[in-house]
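Notes follow once the structure below has been shown.
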Amino acid sequence: MVTKNSQRSNLGVTKSMNFFQKIIKPFKRSSNRGLEDDIDRISAQEQKVFTFQSLVSATKDFNPTHKLGEGGFGPVFKGRLPDGREIAVKKLSQASKQGDNEFVNEAKLLAKVQHRNVVNLWGYCTHGEDKLLVYEYVANESLDKVLFKSNRRSEIAWKLRFEIITGIARGLLYLHEDAPDCIIHRDIKAGNILLDDKWVPKIADFGMARLYQEDATHVNTRIAGTNGYMAPEYVMQGVLSVKADVFSFGVVVLELISGQKNSSFSMRHADQTLLEWVYKLYKKGRTMEILDSEISASADPEQVRLCVQIGLLCVQGDPRKRPTMRRVSLLLSRKPGHLEEPEHPGVPGSRHRRRTHRPTGASSVGTLSTTGSRTDSFGSNLNTHTGGSNTGTGKATPVSSRTPTPTRTHATRSVGAASSSSDPHGKRHMSY
Ligand SMILES: Nc1ncnc2c1ncn2[C@@H]1O[C@H](COP(=O)(O)OP(=O)(O)OP(=O)(O)O)[C@@H](O)[C@H]1O
């Protein structure tokens, strides 16, 4: 039996429920929507996807006043995200013929490459024909501008230069041995070292070869290196290994010490390169004469000598003799006991290279091709298998026995004789 009292109290419950629902209803709806928005945002962040509209807003519609410059891969714009973070947006030129899916897959992989000494890729965007990469913005200029194109050279005193050398070494070691997918940069040069507001060096443009695969008809001269920094074996025979990056690193080290640009040094002194000049002075025991006169007062002679010796070890003609980046980092981080004597430096190559003949089934790297005969003991020839992993056994796969693939190439880690170490992780691919 329903009493008046119970009716009244039921009414009270219903009334208060209605009241409660009224209060929470709009809140519930908006909180659901908020939740959905959050999930969308978080998943976009996870996927590292930027909408085109967000990049248009961030760069004020790619306003020319926001343009930081234009390199071989296309223009770069400075932008600011709604959360205040500054970004550098690289609009890739159409030369990247990749399809959207392939681009997205490669960009996702590159976005996992995160280190204090590399320019971190925060995400990407595809919009019609456009493909864009979104990087952290690095506030100071690139090393080449500070060192060669301004009168700011003296701002980077010796201590700073030593720290820059150490930072680049760490970044390269990470790319070679510790990144999720092992990366051979192929274009280490002063212009690809960006400096942040605390002068921390960050390696830019890593992994671009993944986004700019060339095909049989399209010769991509941009991705494979720059004048004055390229290892001779890469230029002449198309043999690519981590040791090619070590060579380029050595050139940057010697440029940092001397304050002289290798390519313009050769123009001024027709008969020798910066590397040969350094080598001769080193051999004569006149190492301190190599040092940039602008910073001689600030220099620690012992550190200068160490860096010259490391630089010269890195630019040796024979890649087997060059140290790995792990060894370089170790040498820089403590006083070396015994450091071997560097041999004569190799002749650095330029961008204008000879295209060698490609044997059937071999895959090309940049503008160069592998040759079946170059399965050197230093071991870093191409491995064109896409699915298999580098086992770290150090055995270079003969080019002729490999499965050709037009889209992706991997190289085996350099593990041969004297100087190379095996892949500590054993299972990582080589990427360019
Ligand atoms: N993440 C970044 N933060 C700040 N500036 C950047 C960033 N990335 C690139 N830049 C600047 O944008 C300009 C163009 O850079 P980009 O790397 O595309 O070409 P480049 O280094 O000038 O030439 P190249 O393509 O021959 O290497 C340069 O001035 C570079 O310093």
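This one's a predicted model, so the numbers in the text were calculated from it and none came from an experiment. Atoms within a ligand are numbered from 1 in the order they appear, just like the ligands themselves. Each residue takes its place number in the sequence, starting with 1.
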- In ligand 1, the atoms that come under 4.0 Å of a heavy atom of Val76 are 9 (C), 12 (O), 14 (C), 15 (O), 18 (O)
- Query: Judging by distance only, is a nitrogen or oxygen of Gly72 under 3.5 angstrom from one on ligand 1?
  - Reply: yes
- To the nearest 0.5 Å, what is the distance between CD1 (Ile164) and CG (Asn117)? 10.5 Å
- Given Lys78, Glu136, Lys202, Lys90, which has its nearest heavy atom closest to atom 16 (P) of ligand 1? Lys90
- Kindly give the heavy-atom pair with the smallest separation between Ile295 and Ile156, and that separation in Å. CG2-O, 3.6 Å
- Task: Would you mind listing which atoms of ligand 1 come within a distance below 4.0 Å of any non-hydrogen atom of Lys189?
- Result: 24 (P), 26 (O), 27 (O)
- Going by distance only, is there an N or O of Tyr137 that falls short of 3.5 Å from an N or O of ligand 1? no
- Item | Sub-3.5 Å N/O-N/O distance, Tyr135 and ligand 1 | no
- Could you label the plane-to-plane angle of the Phe62 and Phe77 rings as parallel, tilted or perpendicular, counting under 30° as parallel and over 60° as perpendicular? perpendicular
- Task: Check each atom of ligand 1 against the heavy atoms of Val119 and keep those under 4.0 Å away; list them by number with element.
- Result: 1 (N)
- Heavy atoms of Trp158 and Ser298 approach each other most closely as N-OG, 3.0 Å
- Asp205 bridged to Lys189 by N-O distance under 4.0 Å: no
- Under 6.0 Å from the CZ atom of Arg116, do we count more than 12 heavy atoms belonging to anything else shown? no
- Query: Does Ala88, backbone or side chain, put an N or O under 3.5 Å from an N or O of ligand 1?
  - Reply: no
- Item | Salt-bridge criterion met for Lys131 and Glu106 (N-O under 4.0 Å) | no
- Task: Nearest heavy atom to atom 19 (O) of ligand 1 wins, so pick from Ser142, Gly71, Ala139.
- Result: Gly71
- Query: Do any N or O atoms from the side chain of Asp300 and from the backbone of Glu302 form a donor-acceptor pair under 3.5 angstrom?
  - Reply: yes
- Out of Leu195, Leu194, Val138, the nearest non-hydrogen contact to atom 6 (C) of ligand 1 is supplied by Leu194
- Region of Asp187 engaging ligand 1 - heavy atom pairs below 4.0 Å: neither
- Query: Hey, which atoms in ligand 1 end up nearer than 4.0 Å to a heavy atom of Lys145?
  - Reply: 28 (C), 29 (O), 31 (O)
